[in-house]
Number of protein chains: 2
Amino acid sequence: MIDASGKNAVDPKVIKEKEVAFAQFIQDRGLKTTKQRNTIISVFFAMRGHISVEELLVEVKRANPKIGYATVYRTLHLLVESELVQERRFGDGLARYEGHSGVEHHNHMICLECGNISEFSNPSLVKFQGQLAEENNFKIYRHRLELYGACKDEKACQLRKKKKAAHAHGGG
Amino acid sequence: MIDASGKNAVDPKVIKEKEVAFAQFIQDRGLKTTKQRNTIISVFFAMRGHISVEELLVEVKRANPKIGYATVYRTLHLLVESELVQERRFGDGLARYEGHSGVEHHNHMICLECGNISEFSNPSLVKFQGQLAEENNFKIYRHRLELYGACKDEKACQLRKKKKAAHAHGGG
DNA sequence: TCTTTTACGAAATATGTTTTCAATTTGTGT
DNA sequence: ACACAAATTGAAAACATATTTCGTAAAAGA
């Protein structure tokens with residue numbers, strides 16, 4: 001959801017940066033700039049969090065109802081190839097896309113109550129994984145650490161849960 | 001693949017144990033014992049590793065060609081519910097099932113070259129994750145750590161790769 | 001502008017999994 | 001052993017997510 005209140009909106013400068021970087025990628029690849037792609041990536045980078053194709057499509061259609069989901073899929077693949085965006089799968093069967101990762105290789109905590117996905121990263125953990133790999137005669141290309149559980153702050157959690165439910169009913 | 005050479009075969013006692021445990025689960029749930037289910041779980045527990053539905057189905061059909069994949073799926077779900085088996089997904093789009101985990105909550109290293117999946121577990125890592133959760137005000141129910149990369153022993157890796165390719169062509 | 005290449009949208013297809021449904025099998029009471 | 005209700009099966013259809021196809025449209029370069 002694009003935050004219309006401006007409260008939690010993504011800094012327009014950041015969005016611009018990403019747009020420029022993607023334009024560069026498109027050019028380097030000898031691909032073409034199109035209105036649809038521009039729309040999709042602008043909408044995408046204006047969103048926060050771990051966005052499913054479905055969620056993105058809804059917002060994209062708000063901007064231009066004629067854009068189909070094939071184009072959204074195709075553009076997301078390009079975003080992943082450009083390394084501006086990472087694809088994630090948290091086991092609910094859908095791919096999610098993340099374009100505003102603060103830290104390069106971070107991990108996730110997924111609250112099974114309210115659905116909140118938060119990121120963390122820890123240098124010791126990275127070192128630790130390196131050791132483990134060493135011990136096991138393994139060369140790490142990438143890793144994936146996910147902690148599934150619940151927010152300890154139950155109030156905040158319940159609040160998010162309600163918000164999410166309201167959102168699911170189209171309460172916007 | 002069921003190891004016919006006996007070299008790396010699962011101890012029949014272990015298989016028996018699992019069969020008994022599953023029978024118990026079936027009874028506790030008020031479900032019925034069937035030949036198909038017995039066949040499927042026997043075949044499954046005679047196999048090692050992280051088994052896909054496809055792989056299991058091939059072996060099951062060897063024992064009884066009339067068993068369909070719906071039944072295999074259904075039985076796997078029961079096995080997961082009984083907690084005798086865990087479902088895993090390593091990002092290649094298929095669910096894999098693991099019935100002989102030595103350690104309760106272990107992690108995985110996935111070689112992207114030869115496809116080998118090995119397990120490891122480390123008490124310090126568990127402690128570490130607990131700390132991380134504490135810092136982030138989070139209660140862990142379960143976790144998932146996967147290291148994707150390559151075997152450092154390239155010879156062994158290449159060997160496994162070839163073996164796998166041969167197997168894929170029906171070389172058995 | 002003309003031409004070539006690339007991208008688009010809608011629909012078809014692919015893939016992995018789940019569900020439906022009529023027929024069969026199992027467990028239980030007699 | 002027999003009948004009955006409930007559960008299970010296999011084949012096919014449905015499902016959900018993702019990808020590909022194909023005719024049309026749009027973009028970049030000559």
Side-chain angles (χ1 to χ4, degrees), chain A residues 19 22-44 50-58 60-82 85-97 168, chain B residues 22-44 50-82 85-97 168:
Chain A
E19 286 172 351
F22 186 69
Q24 189 61 55
F25 169 79
I26 289 292
Q27 195 153 40
D28 293 350
R29 279 278 193 105
L31 304 176
K32 288 175 178 172
T33 311
T34 69
K35 283 170 195 162
Q36 291 91 333
R37 291 219 267 242
N38 288 341
T39 300
I40 293 166
I41 72 150
S42 297
V43 168
F44 178 82
H50 300 78
I51 303 157
S52 69
V53 177
E54 190 65 28
E55 284 164 1
L56 178 57
L57 186 64
V58 168
V60 165
K61 277 201 179 289
R62 240 213 264 288
N64 177 356
K66 300 210 67 180
I67 295 177
Y69 71 115
T71 303
V72 171
Y73 270 106
R74 287 190 274 233
T75 305
L76 281 170
H77 286 311
L78 286 175
L79 283 167
V80 170
E81 282 188 62
S82 75
V85 166
Q86 280 116 267
E87 184 178 310
R88 310 267 179 202
R89 282 166 190 277
F90 298 113
D92 61 354
L94 354 146
R96 291 176 179 281
Y97 297 84
Chain B
F22 186 68
Q24 188 62 54
F25 168 79
I26 289 291
Q27 194 153 41
D28 292 350
R29 278 280 191 103
L31 305 176
K32 289 175 177 171
T33 311
T34 70
K35 283 168 195 162
Q36 290 93 330
R37 291 218 268 241
N38 288 340
T39 299
I40 293 166
I41 71 149
S42 296
V43 168
F44 178 82
H50 300 78
I51 304 157
S52 69
V53 176
E54 191 65 28
E55 284 164 1
L56 178 55
L57 185 64
V58 168
E59 296 302 326
V60 164
K61 279 205 179 286
R62 241 214 263 288
N64 177 355
K66 299 211 66 178
I67 295 177
Y69 68 115
T71 305
V72 171
Y73 271 106
R74 288 190 275 233
T75 305
L76 281 169
H77 287 310
L78 287 174
L79 283 167
V80 170
E81 282 187 61
S82 75
V85 167
Q86 281 117 265
E87 183 177 310
R88 309 267 178 202
R89 283 167 188 277
F90 297 114
D92 60 354
L94 356 144
R96 290 176 180 280
Y97 297 86

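Predicted, not measured: the structure shown is a model, and the values here were computed from it. Chain letters run A, B, ... following the sequence lines, proteins first and then strands; every chain starts at 1.
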Mind calculating the distance between [atom1] ([X]) and [atom2] ([N]) to the nearest angstrom?
| X | N | atom1 | atom2 | value |
| --- | --- | --- | --- | --- |
| A:I26 | C:dT5 | CD1 | P | 19 Å |
| B:N64 | D:dT9 | CG | P | 11 Å |
| B:L31 | C:dT28 | CG | P | 12 Å |
| B:E87 | C:dT18 | CD | P | 8 Å |
| A:K32 | D:dA25 | NZ | P | 15 Å |
| A:K35 | C:dT6 | NZ | P | 20 Å |
| B:H77 | C:dG16 | NE2 | P | 15 Å |
| A:L57 | C:dC8 | CG | P | 14 Å |

*So do B:V80 and B:Y97 actually touch side chain to side chain, heavy atoms under 4.5 Å?*
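Answer yes - side chains close enough.
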*asked:* Within the 4.5 Å heavy-atom criterion, are B:E55 and B:R96 side-chain neighbours or not?
replied: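 Side-chain contact under 4.5 Å: yes.
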*Between the base of D:dT21 and the side chain of A:R74, is there any donor-acceptor pair under 3.5 Å?*
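Answer is yes: a donor-acceptor pair is held.
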*Given the rule in the salt bridge (charged side-chain N to carboxylate O under 4.0 Å, His left out) test, do A:R89 and A:E87 qualify, once you have shown the distances and angles that lead to the verdict?*
CA-CA 7 Å; A:R89 282 166 190 277; A:E87 184 178 310; 3.2 Å; yes
Taking only the side-chain nitrogens and oxygens of [X], find out if one of them lies under 4.0 Å from OP1 or OP2 of [N].
| X | N | result |
| --- | --- | --- |
| A:T34 | C:dT6 | no |
| B:Y73 | C:dT18 | no |
| A:T71 | C:dA7 | no |

*Indicate the atoms forming the closest heavy-atom contact of A:H50 with A:R88, along with that distance.*
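For A:H50 versus A:R88, the nearest heavy atoms are CD2-CG, 4.5 Å.
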*Any sub-3.5 Å donor-acceptor pair from A:T71's side-chain atoms to A:I67's backbone N or O?*
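Checked: no pair found.
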*Identify whether any heavy atom of B:R89 sits under 4.0 Å from a base atom; if not, whether one sits that close to sugar-phosphate; answer base, sugar-phosphate or nothing.*
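The residue B:R89 makes sugar-phosphate contact but no base contact.
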*asked:* Counting the atoms with a prime plus P, OP1 and OP2 as sugar-phosphate, which does A:R37 contact under 4.0 Å by heavy atoms, base, sugar-phosphate, or nothing?
replied: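 A:R37: backbone/sugar contact only, no base atoms under 4.0 Å.
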_Can you work out whether B:R96 or A:I40 has the more 5'-proximal nearest nucleotide on DNA chain C?_
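This one resolves to A:I40.
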*Please figure out whether A:G30 or B:V53 has its closest DNA chain C nucleotide nearer the 5' end.*
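In this pair, the answer is A:G30.
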_Along DNA chain D (nearest heavy atom to each residue), the more 5'-positioned of B:P65 and A:Q36_ =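 So the residue in question is B:P65.
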